[in-house]
Peer 1: 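I'd like to ask some things about the structure below.
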2 protein chains.
Amino acid sequence: MNTDAVLKLDNQLCFAVYACAREITKLYHPLLKELGLTYTQYITMLVLWEEDEVTVKYLGQRLYLDSGTLTPLLKKLESMGLLTRVRDKKDERSVIITLTEQGSLLKEKAIDIPERLFCQAGISTNEAEELRSQITEMLQKVQAQQ
Amino acid sequence: MNTDAVLKLDNQLCFAVYACAREITKLYHPLLKELGLTYTQYITMLVLWEEDEVTVKYLGQRLYLDSGTLTPLLKKLESMGLLTRVRDKKDERSVIITLTEQGSLLKEKAIDIPERLFCQAGISTNEAEELRSQITEMLQKVQAQQ
DNA sequence: GGCGATTAAATTGTATGCAATCAATTAAAT
DNA sequence: ATTTAATTGATTGCATACAATTTAATCGCC
């Protein structure tokens, strides 16, 4: 590829990923509105529905987000009554996030979101899994450089 | 996949794309800092280096961004002396974006960024092109739903 | 020509993201 | 015990993103 072509937007893998991420988030918007969550709040709840009582640090590792993003987001979810934020007695540097009953119950309402989204986007399960695997590989490669 | 598994974060294609986009942007950060640009400002300049004198609407279509994002971003680039914003005489609703000489010249400094980034990320050109093609396909599928 | 519908930007308000820095606490070394 | 370093969150400042609304200009249709 010549020097001019590499600067063409449509040739850039990075831009494709970046634009795709935003378009997908927009697709989630109406579905998540029914739960009263934004996309970032939703993926935070996904982790907590898998594993309750985790630290902010752990959430950050799973979500690839830092405390500058998570602290206000978790305070918001706390104010919505979905979780609690309590300092760890054993190590006061850590904050333990715990779902409230309301937060746990919200999972039921979220169960059908993945399927509804896939239907909407018209993507087959197989090609999605293949693509997910490749992108995850790239994600880990890229993250290792930071 | 059972109902529990579909809600697992690591099974979600959408999250992989979302996290990957942010990690890639972070990888760009030190390279773009040399040019004094953010990632969004950089991709805006990419379009303008391809095609000068375009409308805000056109930029939005290429970048998948709306005027709410572009207007302040373009004002910033204007204040940096890289471009001008002028109403179209033929249709006063539109604003024409034109590179200044300084804006055009910046392209030279940007030429080697794609290669440096790929080296840094350790991704081969072939697998990148394959992945880019698949993600672009998904991007267009998803965007068609909006 | 006139007027409702449409279009293009700009504005407003909310929610991220993240770099950089700070503060508090804990762990390690001497 | 004291100093030093590392860890964990919180804070601050800046730059997006985008939904929703507003404003101004143009278009379509009669």
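In what follows, chains carry the letters A, B, and so on, assigned in the order in which the sequence lines appear, proteins first and then strands, with residues in each chain numbered from 1.
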Peer 1: From CG of B:L32 over to P of C:dC18, roughly how many Å is that when rounded to an integer?
Peer 2: 15 Å
Peer 1: Measure across B:M138 and A:I24 and return the closest heavy-atom pair with its distance rounded to 0.1 Å.
Peer 2: CE-CD1, 4.1 Å
Peer 1: If the cut-off is 4.0 Å, is A:Y18 near the phosphate of D:dA17, judged by side-chain N/O to OP1 or OP2?
Peer 2: yes
Peer 1: Please report the shortest heavy-atom distance between B:T40 and B:L65, naming the atom on each side.
Peer 2: CG2-CD1, 3.8 Å
Peer 1: Below 4.5 Å, heavy atoms only, C-beta onward: do B:L99 and B:L82 meet side chain to side chain?
Peer 2: no
Peer 1: What's the CG-C1' distance between A:L63 and C:dC18, to the nearest Å?
Peer 2: 15 Å
Peer 1: Between residues 65-83 of chain A and DNA chain D, which residues have a heavy-atom gap below 4.0 Å?
Peer 2: A:S67, A:G68, A:T71, A:K75
Peer 1: B:L59 versus B:L48: any side-chain heavy-atom pair under 4.5 Å?
Peer 2: yes
Peer 1: So, are A:E92 and A:R87 salt-bridged, with charged N and O less than 4.0 Å apart?
Peer 2: no
Peer 1: Does B:R87 have a side-chain nitrogen or oxygen under 4.0 Å from the phosphate oxygens OP1 or OP2 of C:dA8?
Peer 2: no
Peer 1: Between C1' on D:dA17 and CD1 on A:I24, what's the gap in Å once rounded to a whole number?
Peer 2: 16 Å
Peer 1: Between B:F118 and B:R116, is there a cation-pi geometry (under 6.0 Å to ring centre, at most 45° from the normal)?
Peer 2: no
Peer 1: Any protein N or O atoms within reach of nucleotides 23-29 of chain D? Criterion: under 3.5 Å, listing atom names and distances.
Peer 2:
residue: D:dT26; atom: OP1; partner: B:E92; partner atom: N; Å: 3.1

Peer 1: Is the distance from OP1 or OP2 of C:dA8 to the nearest side-chain N or O of B:T55 less than 4.0 Å?
Peer 2: no
Peer 1: Decide, yes or no, whether a salt bridge links A:K8 with A:D10 under the criterion of side-chain N to carboxylate O below 4.0 Å.
Peer 2: no
Peer 1: Respond yes when some side-chain nitrogen or oxygen of B:Y39 is under 4.0 Å from OP1 or OP2 of C:dG17, and no when none is.
Peer 2: no
Peer 1: Specify the separation, in whole Å, of atom CZ of B:R22 and atom P of D:dT16.
Peer 2: 17 Å
Peer 1: If I take atom OH in residue A:Y28 and atom C1' in nucleotide C:dT16, what distance separates them, rounded to the nearest angstrom?
Peer 2: 17 Å
Peer 1: Whether A:K26 and A:E23 form a salt bridge (side-chain N of Lys/Arg under 4.0 Å from carboxylate O of Asp/Glu) is what I want to check.
Peer 2: yes
Peer 1: For the rings on B:Y64 and A:Y18, is their centre-to-centre separation under 6.0 Å?
Peer 2: no
Peer 1: Compare side-chain N and O positions of B:T25 against OP1 and OP2 of C:dG17 and report whether any pair is under 4.0 Å apart.
Peer 2: no
